[in-house]
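By convention in this document, chain letters (A, B, ...) are assigned in the order of the sequence lines, proteins followed by strands, and residues within each chain are numbered from 1.
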Amino acid sequence: MDYHPRAIEQKWRKYWEEQGTYKVSNESDRPKYYVLDMFPYPSGAGLHVGHPLGYIASDIFARYKRLKGFNVLHPMGYDAFGLPAEQYAIQTGVHPAASTAKNINRYREQLDNLGFSFDWSREVQTSDPSYYKWTQWIFLQLFEHYYDQEAEKAMTIEALVARFEQEGNGTVKAATTQDTVFSADEWKAMSAKMQDTILMNYRLAYRKETFVNWCEALGTVLANDEVKDGVSERGGFPVERRPMLQWSLRITAYAERLLNDLQSLEWSEAMKKMQSNWIGRSTGAQLFFDLEGFNAKIEIYTTRPDTIFGATYMVLAPEHDLVAQITTPEQQGDIDDYLKYVNSRSERERMSEVKEVTGAFTGAYAVNPFNGDKIPVWIGEYVLKDYGTGAIMAVPADDERDRRFAEKFGLPIIDIIDKSAHPGATIEDKVGTMINSDFLDGMQVLEAIDAIIERMEEMGIGTRKINYKLRDAIYSRQRYWGEPFPVKYDADGVAVAMEESDLPLTLPELEDFKPASGGKSPLARAEDWVNELDAFTRETDTMPGFAGSSWYFLRYMDANNPDAFASQEAINYWQDVDLYVGGTEHAVGHLMYSRFWHKFLYDKGLVPTVEPFKKLINQGMIQGVIEFIHYHKEEKKFYSADLVTDANRATFAEIPVHIDYVTNYGLDDSHLVAEGIAQFKAWRSEYEGAEFVFAKGSDRFMTKSEVGKMSKSKFNVINPDDVVDRYGSDCFRMYEMFLGPIEQAKPWDTKGIDGVSKFLRRFYDLFFNAKDAFHVSEEEGTKEEMKVLHTAIKKVTQDIERFSFNTCVAAFMVATNDLRKLQCNKKAVLKEMVVLLASFAPHVTEELWHQMGEAGSVHHATYPVFEEHYLKEDAISYPISINGKKRAVVDFPSDASKEEIEQAATSIEEVQKWLEGKEVKRIIVVPKRMINIVVK
RNA sequence: GCGGGUGUGGCGAAAUUGGUAGACGCGCUAGACUUAGGAUCUAGUGCCGCGAGGCGUGGGGGUUCGAGUCCCUCCACCCGCACCA
């Protein structure tokens with residue numbers, strides 16, 4: 001019987017939809033399991049074959065868990081706010097909502113074509129007001145909370161205000177940028193605006209001045225990668241770093257918990273490492289240096305307080321507040337020049353030219369608190385404003401960067417650590433004996449660190465301090481297509497939260513999506529909307545992309561709830577995501593923010609778990625193959641790739657060819673035949689007359705293949721729909737899994753798909769007799785058949801559990817080939833095979849399930865049980881011992897006669913006899929493997 | 001520079017705790033059936049060798065009766081971070 005996947009697949013997809021086969025309830029006595037994919041941004045390009053890899057893997061796992069008896073939540077939705085739709089709107093005038101809706105429809109069609117078991121009744125779209133109402137709501141919660149470091153959790157601003165009224169802020173230990181202390185009376189005496197300013201220093205969502213790349217000529221803020229050589233990439237206008245008032249989220253308050261809780265997660269080590277590096281915890285000391293002639297101190301952070309006797313200069317970040325105050329008149333010119341230079345450089349340039357040493361002397365001197373030495377104070381861009389205190393003590397003897405700086409500017413270097421006992425230690429290794437360091441002399445580095453911190457604390461000039469690289473997240477975007485802030489400002493500019501009952505605050509309609517003047521969001525042009533409230537104006541910035549995606553996994557639990565972001569019953573039932581599948585590109589963005597929001601909601605008692613994503617699998621990217629042909633620029637002819645040599649390569653241009661024209665595309669043997677050449681000429685009419693020089697002695701025209709991203713501009717996008725049309729989605733799903741390990745990046749190569757296609761046909765054929773009629777026998781399976789079945793059950797189950805889907809497909813192939821050889825048509829065996837295969841090939845298994853006359857859906861069946869006795873190699877063990885030392889065991893098949901065993905045993909003894917006189921060192925017998933006799 | 005990973009046939013890749021390296025698929029070879037074969041089926045296929053046999057998991061060294069797997073070292077490629085004091 002011929003296998004016609006398209007007809008079968010359409011039939012069952014319709015059936016599933018009608019039957020609501022994949023609808024999942026929040027009430028079940030089955031154990032819950034939550035399988036989640038990172039939801040896509042619906043781009044205009046649609047899906048290519050690389051996108052579904054993770055979705056297929058998670059779908060297989062979700063189906064497997066369902067068959068195993070779990071109530072499985074497996075939803076899908078769209079991260080629908082984003083820049084591309086807005087750019088498209090600016091160019092074409094098409095409203096982002098319209099283009100997004102169109103793209104979502106296209107995505108849905110493509111996803112539906114692959115037979116996923118999503119429960120679409122729970123679909124979410126982050127740009128839908130009924131969804132972003134709750135994004136705004138969570139933002140307001142962040143706004144109304146601060147982080148209390150004693151309670152180690154978020155607490156309300158209301159409670160904070162109450163404490164300020166009682167005792168001021170001196171006793172409050174909080175994550176804050178508030179650096180002055182006030183009493184209760186002082187607090188009460190403050191103006192509302194003043195109080196608001198102070199509270200902003202505590203709120204988890206707060207407004208502050210942040211440095212951005214400002215382009216005056218374009219009237220907008222530019223992202224780092226839009227700035228090149230200090231000018232805008234578009235237009236070449238000057239760009240400066242300028243502070244702007246922006247919303248931020250105080251994620252740093254959660255740094256310690258975000259770091260500590262990593263260890264409980266089943267994520268790859270690489271992923272956890274990326275997160276912990278991003279958080280970047282370090283321990284050290286914070287201490288003050290007096291400034292000579294000023295009533296001010298420089299506060300610095302160092303992980304190496306032990307090296308303080310080698311501190312021969314200090315460096316402030318160029319943006320440091322003290323710079324203006326302490327610069328001497330003689331140095332003012334130098335400093336101004338330097339600041340001008342620094343401002344002209346984007347953050348990216350500062351990062352990319354790490355090796356270059358720059359700086360300027362302020363003319364001021366600090367005083368070493370331990371020996372009274374005068375230390376010159378410099379500024380330099382290698383000291384970052386946002387890390388530590390934005391100021392360092394420089395120890396050129398023990399820090400690579402400080403040394404380069406000292407060498408360039410001729411500053412003194414004092415050796416303070418003797419590393420002669422540690423050959424091979426680098427300049428920054430914390431080993432060696434202290435020298436030239438007063439009371440630290442003779443100590444080892446690690447004891448010296450402790451000793452000096454103790455001394456500093458006694459002297460009251462410094463403290464032990466933990467620092468993080470993690471920065472607060474800037475949360476404002478000057479864009480239209482994002483969530484509006486549910487915040488209004490009074491005449492004093494005090495931010496006031498909107499009432500929950502007024503949410504959602506929806507986006508106003510606009511026709512022009514270009515940024516407004518002064519770097520403002522296009523929303524600023526919706527004046528009616530901005531000013532529609534008496535005595536208040538609205539915030540015109542919108543939230544960034546990660547806002548909506550930081551909590552969507554919770555919405556799926558109760559996606560249509562109008563009264564809460566999800567009901568407490570739903571959240572308590574589903575708890576958290578058991579398996580999360582997505583790309584590594586979100587390692588520190590989305591995954592960090594989601595963990596942060598989740599922890600905040602946990603503090604509020606709104607979610608029962610500390611972490612949102614228990615287990616994480618990162619699927620590798622599927623790349624494309626880019627095919628080039630060689631064009632001889634002078635002769636104006638195309639040459640087959642084998643004719644291009646290193647010697648003549650320069651005379652050729654490489655022209656990308658649409659892969660549809662290439663036969664056997666892939667890494668070897670890809671070529672154009674006459675038809676492909678005709679297609680190419682029709683496509684690129686400018687080459688219509690060009691001659692093609694073929695490979696030697698062949699009718700082939702070789703191309704050059706390269707692995708790269710699939711993209712429209714490389715003409716190498718493979719649309720899954722085309723593959724599905726030809727082979728069916730069961731085949732496509734299995735082939736994607738068969739390509740290789742799920743976490744590994746690999747180029748797409750359609751060539752091997754025939755193998756999987758063949759497998760499916762053979763599997764299907766098992767159910768048909770020689771006359772092509774459906775026929776399965778009611779007889780019991782033979783011992784041999786049952787062994788094949790149970791080998792498959794065991795292997796497939798193990799492999800699914802460890803996400804080794806490629807070997808799983810191989811196991812299906814082996815079993816099918818074996819059953820074919822056995823000419824097995826026993827229902828008892830085949831029915832189990834159908835269920836086993838159902839997660840991978842949902843359509844054909846459903847078809848066969850029904851053909852066998854089984855009731856309901858195969859996807860509600862019970863996963864086959866593996867019974868060990870079918871696999872057991874019945875064996876008798878016969879122990880032998882040699883030289884009284886090693887004990888070994890030889891296994892014989894159970895049908896071996898006693899005589900055979902005796903004989904084998906004697907033969908071993910005979911070998912032993914034969915070996916007499918020689919010293920047998922050892923005999924190792926590995927059961928069913930080998931006998932290894934070692935003679936000395 | 002730092003951190004993480006990878007390296008196995010012509011290709012994609014397998015290989016529980018160290019135990020017959022190369023499962024499975026592609027490709028290739030031969031054959032069968034066919035008007036035909038880019039269909040299907042059967043057999044073969046790591047390399048060298050007629051053979052017996054030898055050699056084989058990036059290179060070199062080590063531990064072990066035994067190493068793709070463990071240790072040291074070097075090389076190549078990929079990914080992430082990048083002046084974090």
Side-chain angles (χ1 to χ4, degrees), chain A residues 268-278 280-282 284-285 300-305 307 314-315 317 350-358 380-384 386-395 398-402 404-405 426 428 467-471 584-585 587-588 618 620-621 663-664 666-669 707 734-735 738-741 743-759 761-762 765 795 798-799 802 804 806-817 820 886 920-936:
Chain A
S268 71
E269 283 311 308
M271 212 64 173
K272 291 194 207 176
K273 202 86 191 178
M274 271 190 245
Q275 290 230 334
S276 76
N277 286 346
W278 191 258
R281 182 185 200 269
S282 67
I300 63 120
Y301 172 72
T302 178
T303 56
R304 297 298 304 277
T307 62
M314 312 202 61
V315 187
R350 285 177 69 166
M351 286 192 289
S352 63
E353 294 160 28
V354 172
K355 292 274 139 58
E356 208 176 308
V357 179
T358 65
E381 60 178 339
Y382 82 96
V383 175
L384 307 173
D386 294 330
Y387 182 75
T389 60
I392 61 159
M393 65 176 197
V395 184
D398 209 52
D399 183 286
E400 192 58 47
R401 296 148 307 170
D402 295 347
R404 283 204 309 268
F405 194 90
T426 66
E428 289 173 25
N467 230 309
Y468 303 94
K469 285 192 221 173
L470 184 70
R471 312 283 162 81
T584 38
E585 65 272 20
V588 287
N618 303 112
M621 222 197 312
T663 305
N664 264 347
L667 284 183
D668 49 86
D669 200 38
V707 172
M734 291 193 84
Y735 183 56
F738 189 58
L739 274 176
E743 304 217 342
Q744 190 174 302
K746 54 226 151 196
W748 174 262
D749 178 358
T750 309
K751 270 184 259 169
I753 199 168
D754 285 333
V756 175
S757 177
K758 214 180 286 179
F759 152 73
R761 280 199 303 271
R762 286 173 175 178
D765 265 347
K795 176 85 176 131
Q798 274 176 358
D799 286 350
R802 62 188 183 111
S804 176
N806 54 334
T807 56
C808 220
V809 176
F812 284 122
M813 290 175 173
V814 171
T816 302
N817 285 339
R820 238 158 69 93
K886 192 87 183 178
V920 176
K921 198 173 166 194
R922 206 178 298 190
I923 296 186
I924 290 116
V925 181
V926 177
K928 286 178 281 170
R929 295 280 180 186
M930 67 182 75
I931 300 176
N932 205 332
I933 302 177
V934 183
V935 186
K936 239 188 189 166

Spacing of the [atom1] atoms in [M] and [N] (rounded, Å):
| N | M | atom1 | value |
| --- | --- | --- | --- |
| A23(B) | U45(B) | C1' | 15 Å |
| G22(B) | G10(B) | C1' | 14 Å |
| C2(B) | A21(B) | P | 39 Å |
| G4(B) | G54(B) | C1' | 40 Å |
| G25(B) | U20(B) | C1' | 23 Å |
| G53(B) | U16(B) | C1' | 33 Å |
| G31(B) | C48(B) | C1' | 27 Å |
| A36(B) | G27(B) | C1' | 23 Å |

[X] has a side chain; which of [options] sits nearest to it?
| X | options | value |
| --- | --- | --- |
| T807(A) | A15(B), C24(B), A85(B) | A15(B) |
| W278(A) | U42(B), C81(B), A85(B) | C81(B) |
| K273(A) | U42(B), G25(B), G3(B) | G3(B) |
| Y301(A) | C24(B), A14(B), A85(B) | A85(B) |
| P741(A) | A85(B), A13(B), C24(B) | A13(B) |
| T302(A) | A85(B), G12(B), G80(B) | A85(B) |
| R802(A) | C41(B), A13(B), A15(B) | A15(B) |
| Y382(A) | C24(B), C26(B), C83(B) | C83(B) |
| R404(A) | C83(B), U40(B), C24(B) | C83(B) |
| N806(A) | U42(B), A14(B), U40(B) | A14(B) |

Quick one: do the [X] and [Y] side chains pair a donor with an acceptor below 3.5 Å?
| X | Y | answer |
| --- | --- | --- |
| D799(A) | T807(A) | yes |
| S276(A) | W278(A) | no |
| T816(A) | R820(A) | no |
| T358(A) | Y382(A) | no |

So [X], base contact, sugar-phosphate only, or nothing? Heavy-atom distance under 4.0 Å.
| X | answer |
| --- | --- |
| E269(A) | nothing |
| A270(A) | sugar-phosphate |
| R762(A) | sugar-phosphate |

> If you pin A745(A) and N817(A) to their nearest nucleotides in RNA chain B, which one's is more 5'?
Replying inline: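 So the residue in question is A745(A).
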>> Both R304(A) and V814(A) contact RNA chain B. Which one's nearest nucleotide lies toward the 5' end?
In response: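 The residue closer to the strand's 5' end, by nearest nucleotide, is V814(A).
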> Is the backbone N or O of Q744(A) less than 3.5 Å from a side-chain atom of K746(A), with the two atoms forming a donor-acceptor pair by type?
Replying inline: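 Answer holds: yes.
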Who is the Watson-Crick or G-U wobble partner of [N], with both distances under 3.5 Å?
| N | answer |
| --- | --- |
| A82(B) | none |
| C41(B) | G31(B) |
| G68(B) | none |
| A23(B) | none |
| C47(B) | G54(B) |
| G18(B) | none |
| U6(B) | A76(B) |

> Are K795(A) and A23(B) close enough that a side-chain N or O sits under 4.0 Å from OP1 or OP2?
Replying inline: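 It does not, given that no N or O in the side chain of K795(A) lies less than 4.0 Å from OP1 or OP2 of A23(B).
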> Within the pair Q744(A) and G12(B), is there a side-chain N or O less than 4.0 Å away from OP1 or OP2?
Replying inline: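 Checking G12(B) against Q744(A), no side-chain N or O comes under 4.0 Å of OP1 or OP2.
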Euclidean distance, atom [atom1] of residue [X] to atom [atom2] of [N] [Å, nearest integer]:
| X | N | atom1 | atom2 | answer |
| --- | --- | --- | --- | --- |
| N277(A) | G3(B) | CG | C1' | 6 Å |
| R281(A) | G3(B) | CZ | P | 20 Å |
| F759(A) | U40(B) | CZ | C1' | 18 Å |

> From M393(A) CE over to T307(A) OG1, what is the distance, rounded to the nearest 0.5 angstrom?
Replying inline: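 Reported value, rounded in 0.5 Å steps: 3.5 Å.
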>> Would you say that I753(A) contacts F738(A) through its side chain, given a criterion of any heavy-atom pair below 4.5 Å between the two side chains?
In response: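 In short, these two side chains do not touch, never coming nearer than 4.5 Å.
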>> A side-chain contact here means heavy atoms from C-beta on lying under 4.5 Å apart; do D402(A) and I392(A) qualify?
In response: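 The answer is yes; the side chains approach within 4.5 Å.
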> If anything within 90° of 0 is syn and all else is anti, what is G80(B)?
Replying inline: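 Base orientation: anti.
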